[in-house]
Amino acid sequence: MATLAEKLFDSLTPGFDRLEQGADPVLRRSDHADFQVNGVMGLAKRLGRPPRDVAQEIVDHVDFQGLVDSVEIAGPGFLNLTVSDEALISQLEEMGADEALGVSAAEKAQVVVVDYSAPNVAKEMHVGHLRSTVIGDSLCRILEFVGHQVLRRNHIGDWGTPFGMLIEHLVDLGEDNAVANLSVGDLDGFYREARGKFDADDTFKERSRSRVVLLQGGDEETLRLWRVLVAESIHYFDAVYEELGVGLRETDVVGESAYNDMLDDVVADLEAAGLLVDSDGALCVFPEGFVNRDGEPLPLIVRKSDEGYGYAATDLAAIRDRVSHLNADRILYVVGAPQSQHFEMCFAVATMAGWLNEHTQATHVAFGNVLGPDRKMFKTRDGGTVKLKGLLDEGTLRARSALEERGAEASDTDVIAHQLAMGAIKFADLSTDRQRDYVFDWDRMLAFEGDTGPYLQYAHARIRSIFRRADSLPSGGKITLTEPAERDLARQLVAFPEAIENSLETLSPSKLCTYLFTLAQQFTSFYEFCPVLKAPDEATKASRLELCELTASTLRTGLGLLGIEAPERM
RNA sequence: GCGCUCGUAGCUCAACGGACUAGAGCAUCUGACUUCGGAUCAGAGGGUUGGGGGUUCGAAUCCCUCCGAGCGCACCA
């Protein structure tokens, strides 16, 4: 269905086209009216005419067909549009009848590969994985919501030299013992012990090195041991995803090792394209525009001088595979900002090789670091990395005690505490612009006041509470907008599709967060001023119940797209 | 040194080249409880948008320059 903004845009177009074909009205939401048109000034300038005259001429030639109550020419040449209540109401009714709440499906459904989370085998997931996992998950949900086919890819670190020492450590412990060890979830302990022996014990170091050779050589027994490590780790990751409520499954895991067999082909392709240069024994591609410290061309090292492959080769193989076998139209990499140069180089090389082109695009969806309250990298008190699992558990504990303090209404405190905690953590993360570093602060995100996940969940729970007390449920009653608070709420409700569109365009769930917070705020204001169950008459009550229903579904749907649950009560 | 990202209220953040008051949230202060859930609402104070130039009818936003922060810059991912 068409959004209100689209309808207004369409009625404005003839007025602008008369004066200049294709001129953009630059229609925006406004504080001064419902919408404002900013395009007149630019157009007037191009025509060399006084802006207010142009504005008047446009107004004279536009038929809003009842969408607009008043058009006012303001300031240097703005058009302020006040939308008619009838238009707002019919928009709300369309929205209510639409499962997608007015969000139209993408014009062309694309195959979108979203690469996110990517923890390392035999290493604990830490805060660094939180943003990738949470942002990636939300983007997947939003993309699917508008009809794209999303392929989630968990590019786990399951290959490379550290596996020599890890496998040898596993052998030392004895397999059963090691598995028991790992399944407890103490992956860091396992890794640290292996590392410790590797640094301290020359024999162990030597064994590790030969083990790497065996692994790369495809030795069956070594591979079997490696698979044990990988399987145990994935099992552990799954538990974390489950707790976090993220849609990543074991079938989404396509780790680095999955590309081993394709690396030679990557080299062959690049060689055939004449891109490979031998530099100190390493096979490199030198994409234009990248220089090192000394101003010399910077290579992307495809094959190291020891003939081994590094992560650049794997990343290139992944692009090649995703384009040619998965038929991806788009590939998103939800990976930290520090890697941006690496991805720029990979994308440049992939473009040179012809894997990426105007039909298939790769985008690095970069995000900033997680900082502690001291604005430094978030670490534990003794300087260690913060384990993700511990963080999630702590959040749940904190949420539970907050619930108990307030005398929770719900009986299943454990479930609610968990939903609140995950909502708080995710919302805090998602609501900050991706690019920026973000400050992790329990007190703020779980304060349950202000711009937080729990505030949104609370707004939703309150609406559900009204329905529990109501003798009749919303049943498509006629909506009327008399109070200002009703009108403000209506205006915000119909803007939902714009919020989704905006999030998608910028690949920033934070836009959706802002929208939902404003919606929740406007709802609570409405709730304060407009009694629903004690409305002055039955018609008003029915109308307000409709507004409640629409708000509840919008909140539930919006939170769902962020990966946040909307409990019935709390 | 080069490159990328960024600098907005005491703190955490918005603002797609647009307006008469640069917005929210937290914190502070003032009101509102016989409450459809006060985890709330209404209101107040708080800003030369890091500094300086420029482009523009109009700049937090674009360009230049300086200052400051973080990250990256050849065989680790």
Side-chain angles (χ1 to χ4, degrees), chain A residues 26 28-32 36 38 41-42 44-45 51 74-78 80 118 120 157 159-162 256 279-284 289-306 308-312 314-315 336-342 344 366 368-369 371 373 375-377 402-403 405-406 408-409 420 428 431-433 435-439 441 443-444 447-452 454-455 457-459 461-470 502 505-506 510-511 513-514 517-518 521 524-525 527-535 541 544 548 569-570:
Chain A
V26 193
R28 299 283 134 89
R29 290 202 166 251
S30 171
D31 291 336
H32 304 285
Q36 63 181 49
N38 301 334
M41 279 87 80
K45 172 143 208 183
F78 296 99
N80 288 341
N120 292 308
W159 201 253
T161 44
E256 292 169 350
S279 176
D280 300 333
L283 294 181
C284 305
F290 297 92
V291 292
N292 69 10
R293 256 174 244 278
D294 307 316
E296 292 153 1
L298 187 66
L300 189 70
I301 296 173
V302 181
R303 202 182 69 189
K304 299 184 286 182
S305 52
D306 67 1
Y309 289 106
Y311 72 126
T314 315
D315 283 338
Q339 303 244 34
S340 66
Q341 185 177 260
H342 166 70
E344 276 173 44
N369 294 314
L371 307 178
R375 301 233 52 167
K376 299 247 171 66
M377 287 291 279
L403 276 174
E405 241 170 66
R406 288 168 210 270
E409 185 193 74
L420 285 180
S431 61
T432 300
D433 182 274
Q435 297 279 50
R436 298 173 65 134
D437 290 347
Y438 119 87
V439 177
D441 184 339
D443 292 335
R444 188 172 301 117
F448 294 12
E449 280 141 15
D451 193 1
T452 66
Y455 174 85
Q457 290 170 318
Y458 178 62
R462 279 169 120 188
I463 304 176
R464 301 306 303 171
S465 164
I466 293 176
F467 293 153
R468 278 195 297 277
R469 286 164 199 273
N502 201 215
E505 237 165 58
T506 54
S510 66
K511 312 282 185 191
C513 292
T514 305
F517 176 63
T518 308
Q521 257 187 330
T524 42
S525 181
Y527 180 89
E528 205 76 17
F529 290 109
C530 304
V532 178
L533 299 180
K534 294 177 189 165
K541 178 175 163 184
R544 288 180 179 167
C548 287
R569 57 182 89 205
M570 50 197 270

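Keep in mind that this is a model prediction, so the values were computed, not measured. Values below: every heavy atom of this structure, side chains too, minus hydrogens, waters and symmetry copies.
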Distance check, [atom1] atoms only: [N] and [M], in whole angstrom units.
N     : M     : atom1 : result
B/G52 : B/U61 : P     : 12 Å
B/A27 : B/U35 : P     : 25 Å
B/U28 : B/C66 : P     : 43 Å
B/G23 : B/G18 : P     : 15 Å
B/C4  : B/A44 : P     : 44 Å
B/A24 : B/U65 : P     : 36 Å
B/G7  : B/C33 : P     : 43 Å
B/C62 : B/A15 : P     : 13 Å

| message | Just the rounded figure in Å: distance from C1' of B/C6 to CD of A/Q435. | response | 9 Å
| Spacing of A/D441 atom CG relative to B/G25 atom P, expressed in whole Å |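 Distance, rounded to whole Å: 18 Å.
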| Mind checking what makes side chain to side chain contact (heavy atoms under 4.5 Å, CB included) contact with A/A337, not counting sequence neighbours? | A/A366
| Who pairs with A/Q36 by side chain to side chain contact (heavy atoms under 4.5 Å, CB included), at least two apart in sequence or on another chain? | A/R28, A/S30, A/H32, A/N38, A/F78, A/N80
| field | Heavy-atom donor-acceptor pair, A/N80 side-chain to B/A19 base, under 3.5 Å | value |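 Such a pair is found, so the answer is yes.
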| message | Could you check whether the side chain of A/R436 and the base of B/C6 have a donor-acceptor pair of N or O atoms closer than 3.5 Å, going by distance alone? | response | no
I need the [X] [atom1] to [Y] [atom2] distance, nearest 0.5 Å.
X      : Y      : atom1 : atom2 : answer
A/C530 : A/K541 : SG    : NZ    : 15.5 Å
A/R468 : A/I463 : CZ    : CD1   : 11.5 Å
A/L403 : A/L420 : CG    : CG    : 5.5 Å
A/N502 : A/K511 : CG    : NZ    : 5.5 Å

| task | Could you tell me whether the side-chain ring of A/F78 sits stacked on the base of B/A19, using a centroid cut-off under 5.5 Å and a plane angle under 30°? | result |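 Stacked: ring centres under 5.5 Å, planes under 30°.
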| field | Closest-nucleotide 5' rank along RNA chain B - winner of A/R462 and A/N502 | value | A/N502
[X] side chain N/O closer than 4.0 Å to the phosphate oxygens (OP1, OP2) of [N]?
X      : N     : answer
A/Y455 : B/C41 : yes
A/Q521 : B/U40 : no
A/S525 : B/A42 : yes
A/T524 : B/C41 : yes
A/Y527 : B/G37 : yes

| request: Evaluate side chain to side chain contact (heavy atoms under 4.5 Å, CB included) for A/I466 paired with A/Y527, printing each intermediate quantity in order. | output: CA-CA 10 Å; A/I466 293 176; A/Y527 180 89; 3.7 Å; yes
How would you summarise protein contacts on [range] per nucleotide, using B for base, S for sugar-phosphate only and - for none, with heavy-atom distances below 4.0 Å?
range                        : answer
nucleotides 26-31 of chain B : SS----
nucleotides 70-77 of chain B : -SSBBBSB
nucleotides 57-63 of chain B : S------

| message | At 4.0 Å (heavy atoms only), tell me whether A/K511 reaches a base, stays on the sugar-phosphate, or touches nothing. | response | sugar-phosphate
| said: Considering every strand and a 4.0 Å limit on heavy-atom distances, what is the contact class for A/A461: base, sugar-phosphate, or nothing? | reply: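 Base, at least one base atom sits under 4.0 Å.
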| task | Measure from the side-chain N and O atoms of A/D294 to the backbone N and O of A/E296, and report whether any donor-acceptor pair falls under 3.5 Å. | result | no
On a heavy-atom basis, which atom in [X] and which in [Y] lie closest, and how many Å separate them?
X      : Y      : answer
A/S510 : A/S431 : CB-O, 3.6 Å
A/L371 : A/D437 : CD1-CB, 3.7 Å
A/N120 : A/G157 : OD1-CA, 3.4 Å

| message | Does A/Y309 form a side chain to side chain contact (heavy atoms under 4.5 Å, CB included) with A/K304? I'd like the steps, not just the answer. | response | CA-CA 6 Å; A/Y309 289 106; A/K304 299 184 286 182; over 6 Å; no
| Among B/C13, B/C16, B/A24, the one nearest A/R28 by side-chain distance |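 Comparing B/C13, B/C16, B/A24 against the side chain of A/R28, the answer is B/C16.
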| said: Is a donor from one side chain sitting under 3.5 angstrom from an acceptor on the other, for A/Y455 and A/T524? | reply: yes
| said: Under 3.5 Å for both pairing distances: what stems, at least three Watson-Crick or G-U pairs long, include RNA chain B? | reply: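 The stems that RNA chain B takes part in, listed by first number, are B:1-7 with B:67-73, B:10-13 with B:23-26, B:28-32 with B:40-44, B:50-54 with B:62-66.
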